[in-house]
Amino acid sequence: MTLSQHTTTPTKRKKITVLPGFKLTLGYTVLYISILVLLPLSTLVWNTMQLSWADFWAVITDPRVVASYKVTFGTALIAAMINVIFGTMIAWVLVRYDFFGKKLIDGLVDLPFALPTAVAGIALTALYAPNGWIGQFLPFQVAFTPLGIIVALTFIGLPFVVRTVQPVLENVGAESEEASASLGANRLQTFTKVIFPELIPAILTGFTLAFSRALGEYGSVVFIAGNMPMKTEITPLMIMTKLEQYDYAGATAIAVVMLVASFVILLVMNTIQWLVSRKYTV
Amino acid sequence: MSITIQNVKKQFGDFTAVDNVSIDIESGELIALLGPSGSGKTSLLRIIAGLEQLDEGAILFDGENITNIHAKERNIGFVFQHYALFRHMTVFDNVAYGLKVRPRKTRPSKKEIRDKVMTLLSLVKLENFADRYPNQLSGGQRQRVALARALAVEPKVLLLDEPFGALDAKVRKDLRRWLRKMHNEFHVTSIFVTHDQEEALDVADRIVVMNKGHIEQVGPPEEVYDHPNSPFVYDFLGNVNLFKGRMQNGQLVNGNFSVDVPEAETTSEAEAIGYVRPHDIHIERTKTFDDAVQANIIYIHAIGPIVQIELHRDDIDEYLEAELPKEQFRALELKRGEQVYIRPRQLKVFIPEDFSI
Amino acid sequence: MVISLDSSKQSVKADPTSLKEPRIVRIALTTLSLLFLFIFLVMPLAVIFISALRKGLDVYVASITESDALSAIQLTLLVAVIAVPLNTLFGIIAAWCITKFNFKGRNLLITIIDLPFAVSPVIAGLVFILVFGAQGLFGEWFLNHDFPIVFALPGILLASLFVTVPFVARELIPLMQAQGTQEEEASVSLGANGFQTFWHVTLPNIKWGLLYGVILCNARVMGEFGAVSVVSGHVRGLTNTMPLHIEVLYNEYQFTAAFAVASLMSLLAILTIIIKNIIEWKTAHR
């Protein structure tokens with residue numbers, strides 16, 4: 001009957017106050033973010049309220065604008081899904097397999113983070129234009145069609161899934177895989193039943209990041225899209241067009257729709273993620 | 001420096017970490033704050049250091065109230081649980097840090113700092129490691145650097161949070177002895193936090209046993225070990241056998257065994273628990289005492305001078321642990337599976353409703 | 001009884017043969033991944049440099065030393081020199097505040113700092129037009145005082161600051177959270193003041209993460225297109241940054257010149273990635 005207890009002291013202790021600068025740093029942080037981000041964003045709301053409901057509704061349901069929602073949402077969704085599939089696969093290959101030049105390839109995955117979007121845009125257009133390196137071999141047109149937008153958005157979103165899945169894959173314990181194998185599961189079963197469930201939260205995070213980035217993306221898309229009304233105009237471009245016509249009210253209205261939509265999507269994805277992570281946390 | 005802790009209270013949200021604690025610590029004492037996790041011992045230590053604000057009460061150093069004095073002005077040395085060595089600095093720079101950050105007026109010269117650091121490093125037997133980085137050291141070495149760093153500022157009080165918690169058994173024993181030696185040399189008032197009763201019993205002049213934010217018992221190791229004043233202290237310090245039973249006419253009845261409890265003659269029909277240390281269990285082959293009960297030897301662990309024996313009582317379905325010196329064990333020629341008679345030599349009864357006995 | 005609390009969990013490495021996919025699967029997955037990366041990453045990079053140099057080195061050099069190109073490069077560098085330090089300082093201060101103290105609304109503050117990531121760059125530009133444009137809230141005041149914000153350097157700066165607010169803070173917050181406050185507490189207990197603690201203890205611990213945040217922030221500031229495009233007004237030689245200059249050249253069918261400027265930006269991107277990898281290597285080998 002041993003009654004002595006051996007446990008470590010919990011670290012869930014409230015942060016200490018002995019370090020200086022709380023008021024100063026908090027004040028600076030709040031002030032800076034308010035002036036730079038919150039105040040400007042709030043003018044969106046203020047400007048929208050200048051608009052009558054009928055005008056607002058007319059702007060945001062204009063057929064050309066509605067078509068742009070469909071293009072933006074559809075291409076962003078498809079691109080994010082391509083990123084999930086290939087991003088997970090690339091993460092897997094980079095973590096699990098060895099091959100020549102792996103370090104270089106691994107570093108290259110960050111290129112879309114570092115390359116200016118306009119540069120990516122003209123490069124992809126040059127590749128996929130009907131006379132381009134890739135475009136000339138394809139039986140169908142890519143540049144100046146929704147396919148081109150998908151290509152650009154896939155490029156932009158590629159690192160998100162790879163970089164969120166990679167660290168998780170590195171930490172999936174060899175033990176649970178060994179346990180699965182020792183219990184008689186074959187490799188495919190081990191992957192689908194043991195490894196994949198552990199990756200789901202990371203994949204969802206990567207998907208959300210890639211998707212929300214794709215929704216707002218402008219620079220890489222405008223070059224390859226061709227910007228044909230009703231067909232390949234994206235919503236950020238609609239804002240841009242309104243601005244060029246000095247229609248600030250119209251631009252604001254569309255911007256509000258975009259903002260609300262992306263917050264709803266973030267909220268939904270976060271909820272899904274919360275549900276999933278709750279299910280899988282032991 | 002003497003330390004007075006007066007009615008200190010500390011709350012984290014709804015959780016009371018330290019609840020009205022008062023202790024007087026004499027100059028030069030080595031005190032152990034002993035308790036399970038969540039007992040408030042670390043919070044109390046951090047409050048003394050000034051790393052945590054207290055909600056109520058006061059801390060006095062040499063009779064002077066320092067409750068509102070900032071940690072960096074208290075002149076304490078704090079050794080952190082995970083050492084908190086500056087990982088980007090060499091051992092030398094770690095130890096020198098407290099001297100180097102002093103205002104220019106009181107800062108020692110480069111040479112003085114160097115001499116002082118090297119003296120301390122040789123004291124902790126790390127003079128050859130001055131240029132190493134913390135991650136190139138073993139756990140025990142890091143602990144010694146942390147101690148040297150704390151001592152470099154010539155603190156009036158040395159506070160150690162679980163100083164040996166993260167070390168393996170062998171190193172722990174060595175460092176324990178070494179801390180004792182260090183304390184004898186410097187004679188600086190020291191308080192260390194531990195959840196390891198053996199460590200506290202081994203090193204401290206006095207032990208403060210804490211539980212759920214308050215103090216259970218304060219006293220020298222022998223006193224706290226031999227005369228615990230509550231079931232908690234009994235449980236927490238050393239192994240113990242429980243004799244759960246009922247009070248009947250001033251007797252604790254537990255299976256076929258009953259014992260007089262003179263302090264509780266009037267108590268009747270109450271649940272009570274008798275506490276018996278394993279070495280207070282008497283074992284005999286033939287029944288000489290009337291109240292001895294029959295038991296079965298389940299397991300014998302006979303390594304070292306003390307033999308541990310696991311027993312199963314025949315009258316009630318309970319297990320006991322007994323300890324006896326090897327000579328006695330040899331004389332009794334005990335074997336696994338044999339029937340013996342046991343009886344507690346000394347037993348302390350606590351009645352759960354009323355721990356005041 | 002002594003129990004060791006040493007928690008060095010050493011996971012046993014898996015036996016490679018029993019826990020690997022069939023060879024054919026491995027080869028197929030690797031090939032497919034490499035093909036995808038080749039098409040999506042290597043080819044775009046290659047097309048930039050080849051298109052830039054197609055008409056020879058002379059045309060290349062001429063394209064990037066032409067006066068509009070030079071002024072675009074100057075403007076981009078100027079914006080970066082101002083915006084990156086401002087957001088770096090903000091990132092350090094915000095991370096200190098968020099990781100070293102516990103206060104109500106902490107998570108809300110983190111969310112707000114992240115907000116620019118969720119806002120389309122075009123909208124980021126739009127809001128500054130709404131505030132400082134001719135019809136905007138403060139637009140008239142600034143125009144009357146002869147201090148144009150929109151279609152001028154301040155507007156470009158504000159838009160660039162907006163889109164890159166989170167970069168440094170986002171790198172530092174998890175890092176400083178993981179490092180905890182023990183070293184800082186140790187520093188204070190040894191008598192150091194707040195600035196000494198930050199300078200001697202915190203900063204050396206976060207320097208690599210900080211540098212990482214700074215180079216990412218810099219890459220984005222220099223490369224930002226959407227937000228800057230909205231507020232710049234595209235005044236050639238005056239308010240065109242490098243990405244905007246690329247757009248102008250491209251729309252005028254000066255492809256070689258466009259790709260020449262683009263190749264400069266690609267070099268910056270490659271340099272950014274190289275520094276990032278050096279940092280990762282450094283932090284992994286410490």
Side-chain angles (χ1 to χ4, degrees), chain B residues 12 46 49-52 70-89 93-103 106-107 133-135 139 146 149-150 152-153 155 159 161-162 164-173 176 195-199 238-239, chain C residues 1-10 92 96 99-107 172 174-212 278-286:
Chain B
F12 292 115
R46 290 170 63 87
L51 293 171
E52 207 92 62
H70 193 269
K72 75 184 167 82
E73 264 126 50
R74 291 196 184 183
N75 203 359
I76 45 112
F78 199 99
V79 177
F80 290 80
Q81 187 177 2
H82 302 289
Y83 324 129
L85 293 180
F86 306 128
R87 62 200 108 165
H88 61 280
M89 292 182 200
D93 288 332
N94 262 285
V95 178
Y97 184 84
L99 300 171
K100 281 184 179 169
V101 296
R102 282 195 187 162
T106 54
R107 193 189 305 157
Y133 284 90
N135 64 358
R149 186 178 70 176
V153 294
L159 305 170
D161 186 6
E162 297 274 0
F164 313 122
L167 301 169
D168 56 48
K170 173 86 176 70
V171 181
R172 247 164 121 148
K173 279 235 159 109
R176 241 146 66 178
H195 61 256
D196 183 337
Q197 25 108 359
E198 201 181 298
E199 202 166 284
N239 296 349
Chain C
M1 177 187 44
V2 186
I3 287 179
S4 159
L5 286 171
D6 189 19
S7 60
S8 54
K9 278 177 261 168
Q10 283 188 326
I92 295 171
W96 178 272
T99 58
K100 303 297 178 195
F101 307 101
N102 208 359
F103 53 95
K104 268 198 185 129
R106 195 166 150 268
N107 285 328
L172 293 186
L175 185 66
M176 286 165 73
Q177 198 102 56
Q179 287 177 348
T181 52
Q182 276 219 334
E183 286 188 41
E184 279 84 4
E185 284 173 23
S187 169
V188 169
S189 80
L190 290 166
N193 65 31
F195 182 75
Q196 287 171 324
T197 300
F198 174 77
W199 190 255
H200 294 300
V201 176
T202 310
L203 197 59
N205 276 335
I206 60 168
K207 61 182 176 196
W208 295 115
L210 181 65
L211 182 61
Y212 186 21
I278 291 174
I279 293 170
E280 272 167 9
W281 186 84
K282 280 252 180 203
T283 44
H285 289 77
R286 261 155 58 89

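Side-chain atoms are counted along with the backbone in the values below, which use heavy atoms only and exclude waters and symmetry mates. Reminder, nothing fancy here: chain letters follow the sequence lines and each chain counts from 1.
In terms of heavy-atom pairs under 4.5 Å with chain C, the best-connected choice from B:Ile76, B:Val153, B:Leu85, B:Leu159 is B:Leu85. Taking B:Lys170, B:Arg149, B:Arg74 one by one and counting their heavy-atom pairs under 4.5 Å with chain C, the maximum is reached by B:Arg149.
Rounded to the nearest 0.5 angstrom, C:Glu183 CD and B:His88 NE2 are separated by 7.0 Å. A distance of 5.5 Å separates CZ in B:Phe86 from CG in C:Leu190, rounded to the nearest 0.5 Å. The distance from the CG atom of B:Asp161 to the CD atom of C:Glu185 is 10.0 Å, given to the nearest 0.5 Å.
Looking at B:Ala150, the atoms closer than 4.5 Å to chain C (heavy atoms on both sides) all sit in the backbone: N, CA, C or O. Heavy atoms closer than 4.5 Å to chain C are found nowhere in B:Leu99, neither backbone nor side chain.
Residues B:Lys72 and C:Ala192 come closest through the heavy atom pair CD-O, 3.2 Å. Between B:Ala84 and C:Ala186, the shortest heavy-atom distance links the atoms O-CB, 3.9 Å. Here the closest heavy-atom approach between residue C:Gly191 and residue B:Val101 is recorded as C-CG2, 4.1 Å.
Screening residues 188-203 of chain C for side-chain hydrogen bond (donor to acceptor under 3.5 Å, both in side chains) gives C:Glu184-C:Thr202, C:Ser187-C:Thr197 as the qualifying pairs, with residues at least two apart or on separate chains.
The ring pair (Phe, Tyr, Trp, His ring centres under 6.0 Å) check on B:Phe78 picks up B:Phe80, with sequence neighbours excluded.
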